[in-house]
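Structure, as structure tokens:
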Amino acid sequence: MTSSTVRLPSGDDLPKVGLGTWDIDGATVRASVRAALDGDYTHVDTAEGYRNEREIGETLADYDREELFLTSKVLPANLNYGSVIESCEDSLDRLGTDYLDLYLIHWPNPAISLRETLDAMKTLSDDGKVRNVGVSNFSGYQLSNALHVTDVPIAVNQIEFHPWFQRRELVDYCQSNGVAVEAAAPLGRTEVLQDSTIQDIAATYDKSPAQIVLKWAVEKDVVVLPKSSSATHIAENGTLFDWELDAEDQRRIDGLDRNRPVYDTLEQDWSREVYGIPE
């Protein structure tokens, strides 16, 4: 049976299913987090750029913090040493917690030294404010740089990953270097759910298309972070560890790769405020 966690270099266990909270806020994110934590979830993923940390923190106050795995991310505009420290402390304040289980560089920023950013992450780790350090949306080359400029283990690379964008070389590089892969947009922002092969397999197993896609990922030791505001979908998305896909259906999904991202494209808009790069 597929394990429900991935062991990080620190010895912490990262739950393979977490609640993604991108693009949901207010009462909606409160209800989503509550539905997840009242079910089988213990893992919540947010970011300062999502602008929902305060609402999430207010909801988390009703649960045992030590039973949860909480992730946040620092914006690429805030990657200089002092801003990383300040951003983390602000996230901790909004989330109502003394520490983060995982703190990620949300996107790489070519205008700020990666060594400087990771030095700040080391300080946060040494001070007990961050238990695990990671990156997000890093290519293999960028991850290689990170691994070589810090003594702090890079625990995670959170990337776009789904059946239409499988990135086998990057996933292999991460996992072979002890870096857990987390799938942002694991459902291709729902586009993949319309794939006829996914729908056919879902009918065979009497599962939802989302369950099939997520199960395929966790069987590859990829952590999934599906976003939903539906309590029914949240519950379904978390029910992945009492059944298996057979090898032939795994191969059928493997064959769906189109090298087609839904957000992580080369046409990055470096003028966006989140990067803080002067024109």
Side-chain angles (χ1 to χ4, degrees), residues 8-12 14 22 45-53 69-95 97-160 167 170-171 173-182 184 223 225 263-279:
L8 299 181
S10 65
D12 290 347
L14 171 63
W22 171 78
D45 179 274
T46 184
E48 66 172 336
Y50 295 173
R51 299 186 179 183
N52 59 16
E53 289 175 316
F69 193 102
L70 181 60
T71 299
S72 192
K73 312 177 192 76
V74 54
L75 282 169
N78 297 332
L79 295 184
N80 59 63
Y81 185 94
S83 295
V84 172
I85 303 297
E86 183 178 355
S87 288
C88 182
E89 290 175 345
D90 287 346
S91 287
L92 292 173
D93 179 66
R94 288 188 291 266
L95 289 164
T97 184
D98 295 329
Y99 68 95
L100 293 168
D101 296 280
L102 178 63
Y103 197 41
L104 304 179
I105 299 171
H106 203 157
W107 286 89
N109 187 336
I112 299 175
S113 162
L114 181 58
R115 185 187 295 275
E116 178 179 351
T117 303
L118 291 170
D119 283 349
M121 290 289 202
K122 183 178 188 306
T123 297
L124 292 168
S125 178
D126 289 345
D127 290 347
K129 295 176 180 177
V130 170
R131 293 191 174 177
N132 298 277
V133 167
V135 299
S136 181
N137 301 303
F138 271 45
S139 68
Y141 176 75
Q142 291 162 334
L143 177 59
S144 175
N145 291 341
L147 291 170
H148 287 87
V149 298
T150 182
D151 294 331
V152 177
I154 304 299
V156 165
N157 188 12
Q158 185 179 125
I159 59 173
E160 181 177 350
R167 314 178 82 173
L170 176 55
V171 171
Y173 180 73
C174 291
Q175 293 179 338
S176 67
N177 282 278
V179 178
V181 176
E182 289 188 335
V223 176
L225 303 168
Y263 77 82
D264 191 3
T265 65
L266 294 176
E267 292 75 32
Q268 196 65 261
D269 181 3
W270 296 106
S271 67
R272 292 171 58 209
E273 182 182 351
V274 297
Y275 292 104
I277 300 174
E279 294 187 23

Legend entry - Separation of L102 CG from L14 CG (nearest 0.5 Å): 7.0 Å
Legend entry - Minimum heavy-atom distance I159-R167, with the two atoms named: CB-NH1, 3.7 Å
Legend entry - Trace of the side-chain contact (heavy atoms from CB on, under 4.5 Å) decision for E116 with L79: CA-CA 8 Å; E116 178 179 351; L79 295 184; over 6 Å; no
Inset, instruction - Heavy atoms only: give me the nearest A47-N52 pair and the separation to one decimal. - result: O-OD1, 4.4 Å
Inset, instruction - Could you tell me the separation between the CG atom of D45 and the CG atom of L225, rounded to the nearest 0.5 Å? - result: 5.0 Å
Inset, instruction - Evaluate the side-chain proximity of L95 to T46: yes if any heavy-atom separation is below 4.5 Å, no if none is. - result: yes
Legend entry - Contact list for residues 121-135, test side chain to side chain donor-acceptor pair (under 3.5 Å), sequence neighbours left out: S10-N132, D12-N132, Y81-T123, E89-K129, K122-D126
Legend entry - Straight-line distance of S136 OG to N157 CG, nearest 0.5 Å: 7.0 Å
Inset, instruction - Measure the spacing between NZ of K73 and CG of N137 and express it to the nearest 0.5 Å. - result: 9.0 Å
Legend entry - Contact check, side chains of L100 and L124, non-hydrogen atoms, under 4.5 Å: no
Inset, instruction - Answer yes or no: is there a side-chain heavy-atom contact under 4.5 Å between W107 and D264? - result: yes
Inset, instruction - Could you grab the distance from atom CG of N78 to atom CD1 of I112, nearest 0.5 Å is fine? - result: 7.5 Å
Legend entry - Identified side chain to side chain contact (heavy atoms under 4.5 Å, CB included) partner of C88 from the options I85, V84, L92: L92
Legend entry - 4.5 Å side-chain heavy-atom contact, L114 and Q142: no
Inset, instruction - Could you tell me whether the side chain of I105 reaches within less than 4.5 Å of the side chain of L118, counting heavy atoms only? - result: yes
Inset, instruction - Heavy atoms only: give me the nearest L170-G140 pair and the separation to one decimal. - result: CD1-N, 3.4 Å
Inset, instruction - Keeping to residues at least two apart or across chains, list the salt bridge (Lys or Arg N to Asp or Glu O under 4.0 Å) pairs with something in residues 132-149. - result: none
Legend entry - L147 and Y173, any side-chain heavy atoms less than 4.5 Å apart: yes
Inset, instruction - Compare all side-chain heavy atoms of T150 with those of M121 and state whether any distance is below 4.5 angstrom. - result: no
Legend entry - Exam field: side chain E160 to backbone Y263, donor-acceptor pair closer than 3.5 Å: yes
Legend entry - No-hydrogen, no-angle side-chain donor-acceptor test under 3.5 Å, S91 and E48: no
Legend entry - Any side-chain heavy-atom pair of S87 and Y103 under 4.5 Å: yes
Legend entry - Gap separating the CG atom of L70 from the CD atom of E53, nearest 0.5 angstrom: 8.5 Å
Inset, instruction - Verify, without hydrogens or angle tests, whether T117 (side chain) and S113 (backbone) share a donor-acceptor contact under 3.5 angstrom. - result: yes
Legend entry - Side chain D101, main chain T71, donor-acceptor under 3.5 Å: no
